[in-house]
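So the structure is just underneath, and the comments pick up after that.
Note that the coordinates shown come from a computational prediction; the quantities given were computed from them, not determined experimentally. A, B, ... follow the sequence lines: proteins, then strands. Residue 1 opens every chain.
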Number of protein chains: 2
Amino acid sequence: MVKRNGTRAKITDVAKLAGVSMATVSCILKDPDNNRFSDETNKKVLSAVKELNFRPATFAQQMKGKTLPVIGLVIPSLMNHFYPEVTSGFTDQANKLGYNVIFANTDNSIEREQSFIDTMISLGVAGVGLCGVDLPDEREKELVKRLINLGIPVVRLDRYLEEPDCPCVGLDNFRAGYFMTEKIIQLGHRNIGCLAPYEIVQIVSERCRGYMEAMKAHGLLPKLCKFHRNEFGSIYKALEEVWTGEDRVSALFAIGGDIDAIECIKCASRLNIQVPFDLSIAGFDDIYISEIINPSLTTIKQPKFEIGATAMRILKSLIDGDDVEEEMILLPFEYIARESVNAIG
Amino acid sequence: MVKRNGTRAKITDVAKLAGVSMATVSCILKDPDNNRFSDETNKKVLSAVKELNFRPATFAQQMKGKTLPVIGLVIPSLMNHFYPEVTSGFTDQANKLGYNVIFANTDNSIEREQSFIDTMISLGVAGVGLCGVDLPDEREKELVKRLINLGIPVVRLDRYLEEPDCPCVGLDNFRAGYFMTEKIIQLGHRNIGCLAPYEIVQIVSERCRGYMEAMKAHGLLPKLCKFHRNEFGSIYKALEEVWTGEDRVSALFAIGGDIDAIECIKCASRLNIQVPFDLSIAGFDDIYISEIINPSLTTIKQPKFEIGATAMRILKSLIDGDDVEEEMILLPFEYIARESVNAIG
DNA sequence: TATACTTAGTAAAACGTTTTAATAATTTAA
DNA sequence: TTAAATTATTAAAACGTTTTACTAAGTATA
């Protein structure tokens, strides 16, 4: 008979049904293969547990010092195509390690981040994965410090931050930017523009630095082609500008991500520019759609799933008190050659 | 002085610092604007709370019967573009209502769903949002029943299920399928194919039914154009087939979603079919990318964010014990006319 | 036979909060 | 002046588990 009265069975219910003390139930549940109790007692208890569908209340276990099998994950958004995959990698790994994930979407607001962290502390989460506001605001550092001071392990995703002693998993965005630029140069391009949003964030500015350095290293003149995110027609104008002048670019590197690149391809088509025959366009991230669209996108593949999974693994090490030797874990990127970038010359 | 010893302040610490009993602290924290205590006591306590950064441990509150301010959300995947947005709507609304969200990704496995639900029961979540396995398996029904029997409110997202008394938020997929088909007919098309995956799920088969009925209502012959998901080249072959015969389709309705439609456009380009001049292609969902690609996609817009937000609002009503009059909440869809579908004839 | 050791199981305290019922101090009413 | 009412505060029980230290009974050892 399953209980149907709307209340969960307690350990005392199990004890009563099995005819033993609750201490016995607790011990047997802790280690069902123990040899402290007779086989008969073990069997009685286990079958009572099953019959009542008993699972110990987590909050009572927490009271006795057990940590909550829950990890907090702070992400700036699920709309940006990058994060769902990171989140997926993180939660999958967490589940494999026996944790659940409390998911918090900050919309890049430090206040919301603040309040989520507070809630997580109250709940007593076992650890926190933090992909916080992008600019290393003082308050961000304070938050991380607070968690660490409370003994709550923290790992950061895709965001570097030296000061508080807290590992970080991400990509070497500088090298990735450098790599892609060099690839385009090797394909014969000389006049290569860098399509970048004005609202540039730390990791994207790293890519930009990579682009600049690569251009310089090959004796080429960098050309920044800036636009405003969320401003309709801004990419169109930016593209028109670098296309109208006498020293037209032959390639554009959209360091802001594949979405920017795809939008740029669309603008190109409006301007009767054929990609890649008239103009090559490269992206960054390798989102799912990049392979499907026409022309398919040449891009840098970020190991999004792996970033999440690795971060969770590092967090687990921190929770277990194991040494985490590296402060910064940089995962490898991959150059994906597709149709949107052509060789010239 | 902030505590730096790695332990959280307890209510007794606050009481000691403020020179009052812990009962006093608890009462003042419960209602800071009370008039049970002197202004002086109120001030002392509040400043001690601030100084020690005290927040009551949730687990101890749970012990006293307070429900955990956490909602469980079960989603089959974050990779499918549909769910991140639904999740976003759900969590945003949850946060506004004072809840956090435990996020669980089942990968369409009923076993994982089962185990997540168990964990959520142990944790004592205040409610569950369930977008479970698609086929109404008996075990799925059992799961929902179990939650309900324990007094844990459940709302279902994008999945109909009559039997257990549990509200559901979604779209009228039949009407949406009918509507799009009729639109295409009104644009002069007569030979309209329905591009559908073999692995058809409940909600998609509803759209298919809508397509069939609309065709029948206009005296037209439905033509199913099936392909295998995750099988490379399957859409290509399906398209080739309906294009080679003497009674070529002039339009295709990809009921499986925009991704299928976009992939189909790519295949069309390989076959030298110009979309929309030779062939019109319509999608379903209206994912972010659909507006950006070339040609942009004519599609049915699902209120993804709203589905999540509405589900959470319904769940809140259930938690509060308010009456939820409707069993099935169907949100409006929207026909989005873009470039991939042309008028003919 | 007395002693030590095992074995099988349990009583009770502890965890950090909330809340009820009580106390002590003060004011008001009679 | 005393009783009653009000105000300000607190003691202690309760929530559901885990765990430590204990008991009682049986078994081996000297």
Side-chain angles (χ1 to χ4, degrees), chain A residues 3 6-46 48-49 52-69 119 121-125 150-151, chain B residues 3 6-46 48-49 52-69 119 121-125 150-151:
Chain A
K3 282 206 156 206
T7 49
R8 300 179 47 195
K10 311 166 197 221
I11 199 167
T12 47
D13 299 325
V14 177
K16 205 175 294 169
L17 181 62
V20 298
S21 75
M22 68 178 177
T24 306
V25 177
S26 180
C27 292
I28 291 180
L29 241 37
K30 187 187 178 183
D31 175 18
D33 306 320
N34 71 83
N35 51 1
R36 274 192 62 192
F37 298 95
S38 69
D39 285 358
E40 198 203 357
T41 306
N42 273 322
K43 221 163 54 189
K44 268 193 308 187
V45 167
L46 258 17
V49 164
L52 297 175
N53 216 331
F54 171 74
R55 304 196 73 207
T58 308
F59 59 82
Q61 298 181 312
Q62 269 182 279
M63 281 260 281
K64 298 298 296 183
K66 214 180 200 178
T67 57
L68 186 68
T119 311
I121 293 172
S122 294
L123 289 172
V125 294
L150 286 170
Chain B
K3 282 205 158 206
T7 51
R8 300 180 46 196
K10 311 166 195 214
I11 199 167
T12 46
D13 298 325
V14 177
K16 206 176 293 171
L17 182 61
V20 297
S21 75
M22 68 177 176
T24 305
V25 176
S26 180
C27 292
I28 290 179
L29 240 38
K30 185 188 178 181
D31 175 18
D33 307 321
N34 70 84
N35 51 2
R36 276 190 59 191
F37 296 96
S38 68
D39 285 358
E40 198 203 356
T41 306
N42 273 323
K43 222 164 49 190
K44 266 192 309 186
V45 168
L46 258 18
V49 164
L52 296 176
N53 216 332
F54 171 74
R55 303 197 73 207
T58 308
F59 60 81
Q61 297 182 313
Q62 268 183 281
M63 282 262 281
K64 299 297 296 181
K66 215 180 200 179
T67 57
L68 185 69
T119 311
I121 292 172
S122 293
L123 289 172
V125 295
L150 286 171

**Complete:** B/R8 atom CZ is separated from C/dG16 atom C1', nearest whole Å, by 10 Å

**Request:** Give a yes/no answer on whether the side chain of A/Q61 brings an N or O atom under 4.0 Å of OP1 or OP2 in D/dT18.
**Result:** yes

**Request:** Verify the contact: side-chain N or O of B/K10 to OP1 or OP2 of C/dG16, cut-off strictly under 4.0 Å; return yes or no.
**Result:** yes

**Asked** Crowded around B/N34 CG? As in, over 12 foreign heavy atoms under 6.0 Å?
**Response** yes

**Prompt:** Taking CG from B/D39 and C1' from D/dT7, how many angstroms apart are they, rounded to a whole number?
**Reply:** 13 Å

**Prompt:** Over how many whole Å does the gap from B/K16 atom NZ to C/dG16 atom P extend?
**Reply:** 12 Å

**Asked** Just by distance, do the side chain of A/T58 and the backbone of B/S122 share a donor-acceptor pair under 3.5 Å?
**Response** yes

**Message:** Check the phosphate of C/dG9 against A/S21, side-chain N and O only, distance under 4.0 Å to OP1 or OP2. Yes or no?
**Reply:** no

**Asked** In terms of the nearest nucleotide of DNA chain D, which residue is placed more toward the 5' end: B/G19 or B/M63?
**Response** B/G19

**Prompt:** Hey, does B/S26 reach any base, or is it just sugar-phosphate, or nothing, if we go heavy atoms under 4.0 Å?
**Reply:** base

**Item:** Proximal nucleotide (of C/dT10, C/dG16, C/dA13) relative to the B/F59 side chain
**Value:** C/dG16

**Item:** B/V20 side chain, from C-beta outward: closest of D/dA13, C/dT10, D/dT10
**Value:** D/dT10

**Message:** Please report the interatomic distance CZ(A/R36) to CD1(A/I28), rounded to the nearest 0.5 Å.
**Reply:** 9.0 Å

**Asked** With no hydrogens and no angle check, is any side-chain donor or acceptor of B/R8 less than 3.5 Å from a backbone partner on B/R55?
**Response** yes

**Prompt:** Just to confirm, is there a sub-4.0 Å distance from OP1 or OP2 of C/dG9 to any side-chain nitrogen or oxygen of A/T41?
**Reply:** yes

**Request:** For B/I11 and D/dA14, give me the distance from atom CD1 to atom C1', rounded to whole Å.
**Result:** 15 Å

**Asked** Contact class for A/A23 (heavy atom, under 4.0 Å): base, sugar-phosphate, or nothing?
**Response** base

**Prompt:** Could you state the interatomic distance from CD1 (A/I121) to CG (A/L150), rounded to the nearest 0.5 Å?
**Reply:** 5.0 Å

**Request:** Quick one: label B/N35 by what it contacts on the DNA or RNA (base, sugar-phosphate, nothing), any heavy atom closer than 4.0 Å.
**Result:** sugar-phosphate

**Prompt:** Choosing from C/dG9, D/dT9, D/dT17, which nucleotide comes nearest the side chain of B/R36?
**Reply:** D/dT9

**Complete:** So CG of A/D13 and CG of A/N53: to nearest 0.5 Å the spacing works out to 12.5 Å

**Prompt:** Just how far, in rounded Å, is P of D/dT10 from CZ of B/F37?
**Reply:** 8 Å

**Prompt:** Tell me: NZ of B/K66 to P of C/dT19, nearest whole Å?
**Reply:** 8 Å

**Asked** Tell me: NZ of A/K64 to C1' of D/dC15, nearest whole Å?
**Response** 13 Å

**Request:** Would you mind reading off the distance between B/L29 atom CG and C/dT19 atom P, rounded to a whole angstrom?
**Result:** 12 Å

**Asked** Does C/dT19 have OP1 or OP2 sitting under 4.0 Å from an N or O in the side chain of B/K30?
**Response** yes

**Prompt:** Between C/dG9, D/dT9, C/dC15, which nucleotide has the shortest distance from any of its atoms to the side chain of B/S38?
**Reply:** D/dT9

**Request:** When you get a sec, tell me which of D/dA13, D/dT10, C/dG16 is the closest nucleotide to the side chain of B/M22?
**Result:** D/dA13

